[in-house]
Visitor: 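Please read through the structure below; I'll follow up with questions.
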Amino acid sequence: MALSRALRCCQRVFSWIPVIIISSVVLWSYYAYVFELCFVTLSNHLERVAYLLIFHVCFIMFCWTYWKAIFTPPSTPSKKFHLSYSDKERYEMEERPDAQKQILTEIAKKLPIFTRAQSGAVRFCDRCQVIKPDRCHHCSVCETCVLKMDHHCPWVNNCVGFSNYKFFLLFLSYSMIYCVFIASTVFQYFLKFWVGDLPNGPAKFHVLFLLFVALMFFVSKKAFLLIDLCGSYFWCGLFNLKERSCFSEAFSAPVFQNGPDRNGFNVGLSRNLRQVFGEDKKLWFIPVFTSQGDGHYFPLRTLCESENPLLANEGKWMEDGGSDEESADENGPSVIIRMES
């Protein structure tokens, strides 16, 4: 027991190493750009002011989004998705798998759940003892079920899911802008140092490394990873797929009551973007939470309210929700949206 606790403690400590590495590089880049480039190397006052102004905007937005992606706790299923004491006791006492599936099916009828496991059974987490809402998955690192879980990212030491999906997208965007701006403004002074137009000194090495660090995201394997990651996330955001669902929802379609449908959550470009970034477009590029809904259910593409038998139970679920559901977004998306073909 003591050994497992020690290992778990070491794992938590080591999990912060990627975050420390990125933070250290970013802090050094601030010093190198502001002091060594702008105050030491630049001689044009107007150019210095312009560079400093744009750089600080990029730097603040990058750090702000990175902070939010790291320290926004993952959203977990509400108490209504956890088994009650009596249901849990009944489930554990039953030894027959078919009977256990039937128990879960009876409980799930009271919840707004539309997806099933590949076998057709209700998705249930044995570790958390919770019926999984749509697009919810268990994270083995965080040791909990996460709403709209995307993946556990070591570079933010956090699960990317419903609560911080927007922040993670903005973090990727501003990190790209930050690197491109540094590389584009440092390049001309790199050439001047290279040909000897500027005197040698400590600033020379900072400028050289600034350009190298910025460009390595484009010319190294990490560059392809970042470009692929950023492109994949925006692709999945546009079509309402999770990044891990590039494997689970795009290639392995989610299973609904009427069968598999890989585009089941794709309700159109505009609605998909509003689900992540919210209705107010002025807040799209600011790392404040504006995502629609509460993460427990999402609009579906093809089903109609009158056709879906589970919608009759949604009102009951909302009435029984009590304080757990009162905190949900009052302007959350409707459960089902009819899309014309």
Side-chain angles (χ1 to χ4, degrees), residues 72-78 80-82 104 108 111-125 127-128 130-142 144-153 158-169 232-268 271-278 289-303 308 310-311 314 317 324-325 328-329 332-337 339:
T72 300
S75 296
T76 56
S78 67
K80 286 299 175 182
F81 289 83
H82 289 259
L104 295 178
L111 302 171
I113 296 175
F114 305 98
T115 57
R116 296 290 185 265
Q118 293 294 329
S119 63
V122 174
R123 300 191 313 125
F124 179 73
C125 180
R127 295 183 180 180
C128 300
V130 62
I131 295 177
K132 296 179 182 179
D134 295 341
R135 316 183 90 178
C136 175
H137 297 276
H138 184 87
C139 176
S140 59
V141 180
C142 297
T144 187
C145 285
V146 179
L147 295 178
K148 196 185 178 183
M149 179 186 171
D150 195 278
H151 74 296
H152 188 93
C153 179
N158 196 6
C159 265
V160 179
F162 175 76
S163 61
N164 64 348
Y165 192 80
K166 174 187 175 182
F167 305 146
F168 193 77
L169 283 175
S232 298
Y233 266 95
F234 277 102
W235 175 266
C236 293
L238 293 179
F239 292 96
N240 213 356
L241 302 173
K242 303 188 298 299
E243 173 64 18
R244 65 171 294 163
S245 63
C246 288
F247 298 95
S248 63
E249 285 183 8
F251 295 112
S252 179
V255 179
F256 297 89
Q257 285 187 324
N258 296 335
D261 184 2
R262 68 182 58 196
N263 293 315
F265 294 107
N266 181 9
V267 292
R271 291 189 179 96
N272 292 342
L273 289 175
R274 291 203 300 269
Q275 277 190 39
V276 177
F277 295 99
F289 184 80
T290 55
S291 300
Q292 293 180 337
D294 59 3
H296 289 86
Y297 54 88
F298 301 89
L300 304 180
R301 181 177 64 91
T302 56
L303 297 180
N308 197 321
L310 286 182
L311 284 178
E314 184 200 353
W317 178 74
D324 291 333
E325 307 308 324
D329 186 358
S334 60
V335 177
I336 300 299
I337 293 178
M339 298 295 293

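Remember, predicted model here, so these are calculated numbers, not experimental data.
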Visitor: With side chains defined as the heavy atoms from C-beta onward, is the minimum distance between Arg127 and Ser140 less than 4.5 Å?
Guide: yes

Visitor: Enter the distance from His138:NE2 to Cys125:SG here, rounded to the nearest 0.5 Å.
Guide: 5.0 Å

Visitor: Between Asp134 and Pro112, which heavy-atom pair has the shortest distance, and what is it?
Guide: OD2-O, 4.1 Å

Visitor: Which atom pair, heavy atoms only, marks the closest approach of Ile113 to Ile131?
Guide: CD1-CG2, 3.2 Å

Visitor: With side chain to side chain contact (heavy atoms under 4.5 Å, CB included) as the criterion, how do Phe168 and Cys153 come out once you've worked through the C-alpha distance, each side chain's angles and the decisive distance to 0.1 Å?
Guide: CA-CA 10 Å; Phe168 193 77; Cys153 179; 3.8 Å; yes

Visitor: I need the Phe167 CZ to Phe289 CZ distance, nearest 0.5 Å.
Guide: 7.0 Å

Visitor: Can you tell me how far the SG atom of Cys159 sits from the NE2 atom of His151, to the nearest 0.5 Å?
Guide: 8.5 Å

Visitor: Contact between Met149 and Pro74 at the side-chain level, heavy atoms closer than 4.5 Å - yes or no?
Guide: no

Visitor: From Phe81 CZ over to Cys136 SG, what is the distance, rounded to the nearest 0.5 angstrom?
Guide: 8.5 Å

Visitor: Quick one: NZ on Lys148 to CG on Asn164, what's the gap to the nearest 0.5 Å?
Guide: 10.5 Å

Visitor: Search all heavy atoms of Pro77 against all heavy atoms of His82 and return the closest pair with its distance.
Guide: O-NE2, 3.7 Å

Visitor: Please find the pair of heavy atoms, one from Thr290 and one from Lys166, that lie closest to each other, and give the distance.
Guide: OG1-NZ, 2.8 Å

Visitor: Is there side-chain contact between Gln292 and Pro299, with at least one heavy-atom pair below 4.5 Å?
Guide: no

Visitor: Quick one: pull up CG in Leu147 and NE2 in His296 and give me the separation to the nearest 0.5 Å.
Guide: 5.0 Å

Visitor: How close do Gly295 and Phe162 get, heavy atom to heavy atom, and via which atoms?
Guide: N-CZ, 3.4 Å

Visitor: So which atom in Pro73 and which in Ser163 form the shortest heavy-atom distance, rounded to 0.1 Å?
Guide: O-OG, 2.9 Å

